[in-house]
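So the structure is just underneath, and the comments pick up after that.
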2 protein chains.
Amino acid sequence: MTSDDLAKCLGTNPVVVRRSMGFLRQAGIVASDRGHAGGWRITADLSVVSLRQLHDALGEPALFAVGNRNELPDCLVEQTVNAALDQSFAEAEALLLKRFGEITLADLAADFTLRHAARRNQKET
Amino acid sequence: MTSDDLAKCLGTNPVVVRRSMGFLRQAGIVASDRGHAGGWRITADLSVVSLRQLHDALGEPALFAVGNRNELPDCLVEQTVNAALDQSFAEAEALLLKRFGEITLADLAADFTLRHAARRNQKET
DNA sequence: TTTCATGTAACATCAATAGTTATGATTCGC
DNA sequence: GCGAATCATAACTATTGATGTTACATGAAA
């Protein structure tokens with residue numbers, strides 16, 4: 001599939017698609033071919049690639065909307081609050097990454113198939 | 001304490017302080033006095049106010065850095081991905097809010113006291 | 001009545017993300 | 001080989017949300 005077509009599906013720009021797909025290529029999940037009839041291909045086994053791997057491949061972007069203003073503040077109040085929040089966020093992050101690790105692209109494909117069939121049935125009724 | 005003094009401590013602007021403190025006042029956690037010798041007072045019992053309550057009082061701002069582009073997309077792929085992520089995020093959010101509910105301002109005050117004593121000892125040595 | 005505060009609206013700034021344009025490099029079909 | 005299709009990438013622009021600022025009104029105390 002070309003970046004142009006993907007961009008249309010995603011409602012965005014082909015360059016934006018290439019930016020993200022480039023990371024997935026570095027991780028060996030997809031490959032790209034230049035020139036005529038080129039575009040993107042999935043190279044990995046869907047049952048092996050987890051959401052966790054995609055997250056890692058995309059540079060482990062921040063999961064939480066908030067974070068410490070300073071990692072090592074002089075202010076003792078700030079240190080105290082940071083410590084309390086760090087602990088809670090670390091637990092939540094660990095759980096989130098664990099769940100991401102349990103969901104593979106094959107799982108999503110299977111769920112998609114169910115949804116697809118359900119929609120088709122609905123149309124026939 | 002005045003908004004001006006708080007702003008200096010926080011390295012920000014007094015109006016920004018008032019914006020946030022206004023929410024805490026609505027929740028009954030602090031009170032403000034105008035005029036001479038006015039400013040902000042804590043009105044709640046420190047052992048009763050949890051981080052969860054602060055979070056709620058401040059309007060339950062988003063905890064996660066990512067979210068669904070559309071809540072109810074037509075696209076079946078998007079629906080599939082949303083469902084998978086929603087589940088994981090819901091679990092992580094529940095855990096996070098639970099932890100926030102377990103931490104009170106009194107807990108933070110106690111931890112601060114320890115850190116304060118530790119710093120003092122370090123200076124004496 | 002002057003001074004010190006908060007309350008609040010309106011505006012400005014900043015940073016991060018997303019989007020765009022432009023150009024170069026590669027591949028395939030003819 | 002030539003030209004069209006496609007990715008690669010740098011540079012620039014636009015958008016958005018959070019934050020910061022200014023200005024002015026209101027209220028309370030000395």
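Every chain is numbered from 1, with letters handed out A, B, ... down the list of sequences.
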What residues, two or more places apart in sequence or in another chain, satisfy side-chain hydrogen bond (donor to acceptor under 3.5 Å, both in side chains) together with A:K8? none
A:M21 CE to D:dA8 P, straight-line distance once rounded to whole Å: 10 Å
Interatomic distance where CD belongs to B:Q26 and C1' belongs to C:dT6 [whole Å]: 14 Å
What is the per-nucleotide protein-contact pattern of nucleotides 13-27 of chain D, from the 5' end, where B denotes a base atom under 4.0 Å from a protein heavy atom, S denotes such proximity for sugar-phosphate atoms only, and - denotes neither? -------BBB---BB
Whole-Å distance between C:dG19 C1' and A:D4 CG? 14 Å
I need the CG-P distance between A:L10 and C:dA18, as an integer number of Å. 12 Å
Does B:S3 have a side-chain nitrogen or oxygen under 4.0 Å from the phosphate oxygens OP1 or OP2 of C:dT6? yes
Within the structure, does a side-chain N or O atom of B:S32 lie under 4.0 Å from either OP1 or OP2 of C:dT6? no
Looking at A:D33 and A:R41, what are the two nearest heavy atoms and their distance? OD2-NE, 2.7 Å
For B:D5 and C:dA5, give me the distance from atom CG to atom P, rounded to whole Å. 8 Å
Should B:E91 and A:R99 count as an ion pair when the cut-off is N to O under 4.0 Å? yes
Rounded to whole Å, how long is the line connecting atom CE of A:M1 with atom P of D:dT6? 12 Å
Can you tell me how far P of D:dT6 sits from CH2 of A:W40, to the nearest Å? 14 Å
Report yes if the side chains of A:T80 and A:V77 come closer than 4.5 Å at any heavy-atom pair, otherwise no. no
Of all the heavy-atom pairs spanning B:A7 and B:P14, show the shortest one and how long it is. CB-N, 3.4 Å
Could you pull out the closest heavy-atom pair between A:L85 and B:F100, with the gap in Å? CD2-CE2, 3.8 Å
